[in-house]
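The structure under discussion appears below in the form of structure tokens.
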Amino acid sequence: VVDTDGYVLKANRAAGDMAGRLPLGEAFAALTTTPAADVAAFIRRCTGTGSQVIGAFEMPGTDGIGKRLRAYGGRLVDLGGAVLVSIRLAPPSASEFALLSRKIDELNDEIRQRRRTQAVLEEALADNRALLKELHHRVRNNVQFMLGLLATRRREPGPPELATFLDGTSQRLLAIGAAQKLMYDGEERRSLPAAEFVARIAEAAAEAVGPGVRLTVNAAEDRIPNERAFPLALIVNELVGNAARHGARGHGAVRVDFHRDGEAMVLAVSDDGPGFGGVSPLDEGLRSSGLSLVRGLCSQIGAHLSFDEQPTGLTVVVRFSSEREGTTS
Amino acid sequence: VTQRATGGPAGDESVPPGGLPGTETARASGGEMRILVVEDDWMIAMEIEAALADAGFTVLGTAASADAAVAMAITRRPDLVLMDIRLEGLRDGIDAAGEIYERLGTRCLFISANADPSTRRRAESTHPLGWLPKPFSSRQLVAAVRALASG
């Protein structure tokens, strides 16, 4: 600690070691080989600011070789109100710069590494997208291939039951293909647009029965989880096909409603036909019209299946949870 | 039956009324619509041909590559080309459709499992009559072609 004239008032042991003695009362300038005017200027700067002042002094070494020390100056005020200056001398901060430089090098290395990793990941992502697109393409093409196989058999002579079976199977494949297409088309890959999904499959199913069926679809804009898509596609296909064929008898009205009711999604397919004619549709013996397939698929997605038979027609209701299943099987 | 100059199922309207040069000439000769099927999967091509023939259309032939499609279109002058996108060889269905449109003015109905927006954008310059995404039924195929034939 020096006064404003640069005389040493206090010095710690390290300062004494550096000077070779405790330089109390000596001019600080005399301890250095830095010009006295520069020392005075440093002290003057220190007294003029409350901030730390950084400088450097040349100190004579004990081995005759001088060394440059960093100087950190600060203004002090003693109990009597006199202004003093503290000077802390430290070895050149080359080591700090080296540390900083090393740290920057490490950060640069890390950035380079991360960029390399990002490039690899981006390439892998592009590859995976291409593979996914290819996979979807293959699936759809294969469905088309299977439709071709069935249609080829359909052209050959055979009993009417075989033709009916082939037509039904083709229609189911088309429903699966429609679900597959919607699964790939959108940006969101975990769910399907409900309104388009229901409408597309219902229209295809009704159209397959004949042009006389009047179909009305009222489906809410919602999302259907992918894991429900294929069973639900087949359920819609079966129920609309049944309603058009048996209920509307190829010339009546079929109505499809799809909406959310709280946590549940509700599909209702209505026709204006005679219904089951008093026979319970849940009867195991009633295996016509694909109802056993609907029952099995409802069971798969945990859906509740119910029938409302009125003089004006039959309504089949499928109610299932909208929550995505947490496990795969 | 007159080939329509605009529209079709999901088709564009970039061709002016008055028609398609090569197509109009071919249609003027009368008879059912004459179709070229370009599809590299033999089973699918065969079923398309059978479904169209059953519906009364004349299938001029089937081609499995872009080069074969262009050559066949030049020699047989179809009214309509059903064009798959992925084909045998280095060139795809969009390349073939572009060349057929350039040389003959004949437009295509694309039948593809690969009808994403970027593919459709690429195909715009070929002035497609429409898109029939796979998988489709024979009934849907015939309905789409009939819609084009009836204009």
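Naming convention: chains lettered A, B, ... in sequence-line order (proteins, then strands); numbering from 1 in each chain.
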For A45(B), is it the side chain, the backbone, both or neither that has a heavy atom under 4.5 Å from a heavy atom of chain A? neither
Please test V81(B) against L109(B) for side-chain contact (heavy atoms from CB on, under 4.5 Å), starting from the C-alpha separation and ending with a verdict. CA-CA 6 Å; V81(B) 180; L109(B) 171 64; over 6 Å; no
May I ask you to list the residues in residues 133-142 of chain B that approach chain A closer than 4.5 angstrom, counting heavy atoms only, ordered by number? P133(B), K134(B), P135(B), F136(B), S137(B), S138(B), R139(B), Q140(B)
Using a cut-off of 6.0 Å, state whether more than 12 heavy atoms not belonging to F230(A) lie near its atom CZ.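 Enclosed.
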Over 12 non-hydrogen atoms of neighbours within 6.0 angstrom of CG in L90(B): no
Is a salt bridge present between E227(A) and R190(A), judged by a nitrogen-to-oxygen distance below 4.0 Å?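 Not counted as a salt bridge, because no side-chain N and carboxylate O are separated by less than 4.0 Å.
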D116(B)/R121(B) ion pair, N-O < 4.0 Å: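 Salt bridge between D116(B) and R121(B), a charged N being under 4.0 Å from a carboxylate O: no.
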When Q180(A), K133(A), M146(A), R155(A) are compared by non-hydrogen pairs under 4.5 Å with chain B, the top option: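 Going by pairs under 4.5 Å, I would pick R155(A).
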Passing option when E134(A) is tested against R138(A), H136(A), H137(A) for side chain to side chain donor-acceptor pair (under 3.5 Å):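 Single side chain to side chain donor-acceptor pair (under 3.5 Å) partner of E134(A) among R138(A), H136(A), H137(A): R138(A).
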Report yes if some heavy atom in the side chain of R172(A) is under 4.5 Å from a heavy atom in the side chain of N237(A); otherwise report no. yes
Can you tell me which portion of [X] sits under 4.5 Å from chain B's heavy atoms? Options are side chain, backbone, both or neither.
X: E207(A); result: both
X: L149(A); result: both
X: S170(A); result: neither

Evaluation steps, side-chain contact (heavy atoms from CB on, under 4.5 Å), between M265(A) and R228(A): CA-CA 11 Å; M265(A) 285 179 160; R228(A) 302 275 160 79; over 6 Å; no
